[in-house]
Amino acid sequence: MEKEIVMSGIRPTGYLHLGNYFGAVRNYVRMQEAYSCFFMVADLHSLTTHPDTRELKTNVQRVLAENIACGLDPEKATLYCQSHVFETSELYLYLNMLAYKGELEKTVTFKEKVRQHPENVNAGLLTYPVLQTADIILHRASYVPVGKDQEQHLEMARNFANRFNHRYGDVFPEPKAFNFGEELVKVPSLDGTGKMSKSENQNATLYLNDSDDQIRNKLKKAKTDSGPTEPGTPKPDYIENLFSLMSLVSDESTVQHFETAYNDCTIRYGDMKKQLGEDMVKFISPIREKAEVIQHDQAYLKQIMEMGAEKARKSARETMQIVREVMGLNYF
Ligand code: TYM
């Protein structure tokens, strides 16, 4: 039986963090055996907010290295760079004619970016979800492992794919956001004010590149309070966050120990954060060390990128041939 197709991407706009890991990369690694996977570094998307390309090569290489350090095997999954597959831009163009200004302007991420950078509201930013749709349906993917923040983009991808199918013919499956049947993940920031992010809120985000001391210090400074005084007190958001982080990286018995202490009001957040700091160091440091080694191996990274580009282009060429045909663009 043919394997089902999976596609996802990460922008090279900064170091990967725990949100990227638990929202996306962990699932990439889990899916690479059973599915036919295409994972890419979204360098074209990064140009919508980061037009300066001087650091781009290093950043692209770092995302690749971090993906591999997390357990992605470039022999099993197709790991490539978005700009190496020119067909993406062609499909993006066709899909742009099926995307309406009104719906694009309503996208939450677009409105956020307009607020953050009113001086750079470019057309690429407006059509960001169209390019993302092109990435996904270029491989006729059915599943897209992403974090909660990408839910709306995936809904738009389904709309654009369906619109194409209705107008020109049934070419694309409906792509679905994927997390093994569970709710999509959102890893919150340590100060309880939003989510972990590559470029904002850096002191409240744990990066896969953080040193052991940075990890310990960030967790030490995570927001807490004086603790519950009555059993059965619901956890405030920022405390719930610490427990969620702990459940991601600590043993079940450790989590249970602090849950019990919370419930009987004996919890000492200092101790909890110290324990979480140690467990986080154990989780992040092997990834950081592996990524550093890979990142310095330029020959290996070049070989990975070439191999990935070749496999991704093959899949893209097959789709685009069908697309041009159903659109009636095959004049000779
Ligand atoms: P990006 O680069 O912002 O994030 C990459 C992946 O990490 C997830 N993520 C999170 N998950 C949980 N908690 C968080 N705090 C958190 N922060 C980030 C994101 O949901 C994402 O899965 N538009 C995409 C890149 C992209 C793409 C695609 C994704 C381009 N083309 C095609 C899927 C398919 C983005 O900006 O991801």
Side-chain angles (χ1 to χ4, degrees), residues 5-29 31 37-50 59-60 62-64 66-67 70 72 78-83 85 88-89 91-92 95 107-110 112-113 124-125 127-158 160-161 175-179 182-202 204-208 241 244-245 248 312 316:
I5 301 172
V6 170
M7 193 279 146
S8 196
I10 299 180
R11 283 171 306 153
T13 48
Y15 289 104
L16 296 199
H17 51 76
L18 274 197
N20 299 132
Y21 182 82
F22 287 107
V25 184
R26 176 172 65 164
N27 283 347
Y28 298 1
V29 175
M31 295 179 95
C37 294
F38 294 87
F39 298 127
M40 58 94 180
V41 187
D43 57 341
L44 299 177
H45 274 110
S46 74
L47 298 176
T48 60
T49 49
H50 294 62
N59 290 342
V60 166
R62 192 167 55 215
V63 174
L64 286 173
E66 287 183 320
N67 269 286
C70 289
L72 208 66
T78 298
L79 186 56
Y80 66 102
C81 180
Q82 187 182 29
S83 63
V85 182
T88 308
S89 305
L91 186 54
Y92 169 51
L95 292 174
T107 316
V108 173
T109 46
F110 175 70
E112 247 170 49
K113 290 285 172 349
L125 206 56
T127 56
Y128 185 113
V130 185
L131 180 56
Q132 181 160 345
T133 305
D135 294 329
I136 298 166
I137 68 177
L138 187 60
H139 302 295
R140 284 169 280 164
S142 300
Y143 299 116
V144 187
V146 282
K148 182 98 183 135
D149 59 304
Q150 296 296 310
E151 211 161 33
Q152 191 183 27
H153 288 173
L154 261 295
E155 196 182 309
M156 295 174 83
R158 279 194 295 282
F160 299 145
K176 289 176 232 19
F178 184 88
N179 183 26
E182 305 213 348
E183 259 289 291
L184 299 183
V185 174
K186 173 185 165 184
V187 178
S189 62
L190 297 173
D191 58 6
T193 64
K195 63 186 174 77
M196 290 200 183
S197 147
K198 279 195 228 97
S199 39
E200 300 142 38
N201 224 353
Q202 301 197 345
T205 295
L206 290 166
Y207 294 93
L208 301 183
N241 293 350
S244 336
L245 287 177
L248 291 174

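Numbering starts at 1 and runs along the sequence shown. Just follow the structure's listing: the first ligand is 1, and inside any ligand the first atom is 1.
Distance check, rounded to the nearest 0.5 Å: OG1 of Thr107 to OH of Tyr128 gives 11.5 Å. The OG1 atom of Thr78 sits 10.0 Å away from the CG atom of Leu72 when rounded to the nearest 0.5 Å. Rounded to the nearest 0.5 angstrom, Leu138 CG and Thr88 OG1 are separated by 5.0 Å. Separation of atoms OG1 (Thr127) and CG (Leu95) is listed at 10.5 Å; rounding is to 0.5 Å.
Protein heavy atom nearest atom 31 (N) of ligand 1, with residue, atom name and distance: Asp135 OD2, 2.7 Å. At the top of the distance list for atom 12 (C) of ligand 1, counting protein heavy atoms only, stands Val185 O, 3.2 Å. Among protein heavy atoms, atom 19 (C) of ligand 1 sits closest to Asp149 OD1, 3.4 Å. Closest protein heavy atom to atom 7 (O) of ligand 1: Asn20 ND2, 3.0 Å. Annotation: atom 25 (C) of ligand 1 to nearest protein heavy atom, Gly9 O, 3.4 Å.
Geometrically, ligand 1 and Tyr128 share a nitrogen or oxygen pair separated by less than 3.5 Å. The N/O atoms of Val187, backbone and side chain alike, include one that comes under 3.5 Å of an N/O atom in ligand 1. Between Gly19 and ligand 1, at least one pair of N/O atoms sits closer than 3.5 Å. Residue Ala24 has no nitrogen or oxygen atom sitting less than 3.5 Å from a nitrogen or oxygen atom of ligand 1, judged on distance alone. Considering backbone and side-chain atoms together, Lys186 places no N or O closer than 3.5 Å to any N or O of ligand 1. The N/O atoms of Gly147, backbone and side chain alike, include one that comes under 3.5 Å of an N/O atom in ligand 1.
Residue-ligand proximity, Ala42 to ligand 1, at heavy-atom distances under 4.0 Å covers atoms 30 (C). Short contacts between ligand 1 and Val146, defined as distances under 4.0 Å to a heavy atom of the residue, involve ligand atoms 20 (O), 22 (O), 33 (C).
Contacts of Val144 with ligand 1, taken as heavy-atom pairs under 4.0 Å, involve the side chain alone. The side chain of Ile136, and not its backbone, has at least one atom closer than 4.0 Å to an atom of ligand 1 (non-hydrogen atoms only; side chain from C-beta on).
By the 4.5 Å heavy-atom criterion applied to side chains, Ile10 and Lys198 are counted as neighbours. Two residues are said to be in side-chain contact when any heavy atoms from C-beta on lie closer than 4.5 Å; Pro175 and Met7 fail this criterion.
The shortest non-hydrogen separation linking Arg62 to Gly14 is NH2-C, 3.8 Å.
The side-chain contact (heavy atoms from CB on, under 4.5 Å) with Asp43 is formed by just one residue from the set Arg11, Gln82, His50; it is Gln82.
Ligand 1 lies within reach of Met40, whose nearest heavy atom is under 4.0 Å from it.
In this pair, His139 and Tyr80 present their aromatic rings perpendicular. The plane angle is above 60°, beyond the 30 to 60° band. Note: Tyr28 and Phe39 have parallel aromatic rings, judged against thresholds of 30 and 60 degrees for the angle between ring planes.
Ranked by closest heavy atom to atom 28 (C) of ligand 1, the top entry among Gln132, Glu151, Lys195, His45 is Gln132. Considering each of Lys198, Gln150, Arg11, the one bringing a non-hydrogen atom nearest atom 24 (C) of ligand 1 is Gln150. Distances from atom 17 (N) of ligand 1 to the heavy atoms of His17, Arg26, Met7 put His17 nearest.
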Under the side-chain hydrogen bond (donor to acceptor under 3.5 Å, both in side chains) criterion, do Tyr15 and Thr205 qualify, and how do the steps go? CA-CA 10 Å; Tyr15 289 104; Thr205 295; over 6 Å; no
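Taking a cutoff of 4.0 Å between a charged side-chain nitrogen and a carboxylate oxygen, Glu151 and Lys148 qualify as a salt bridge.
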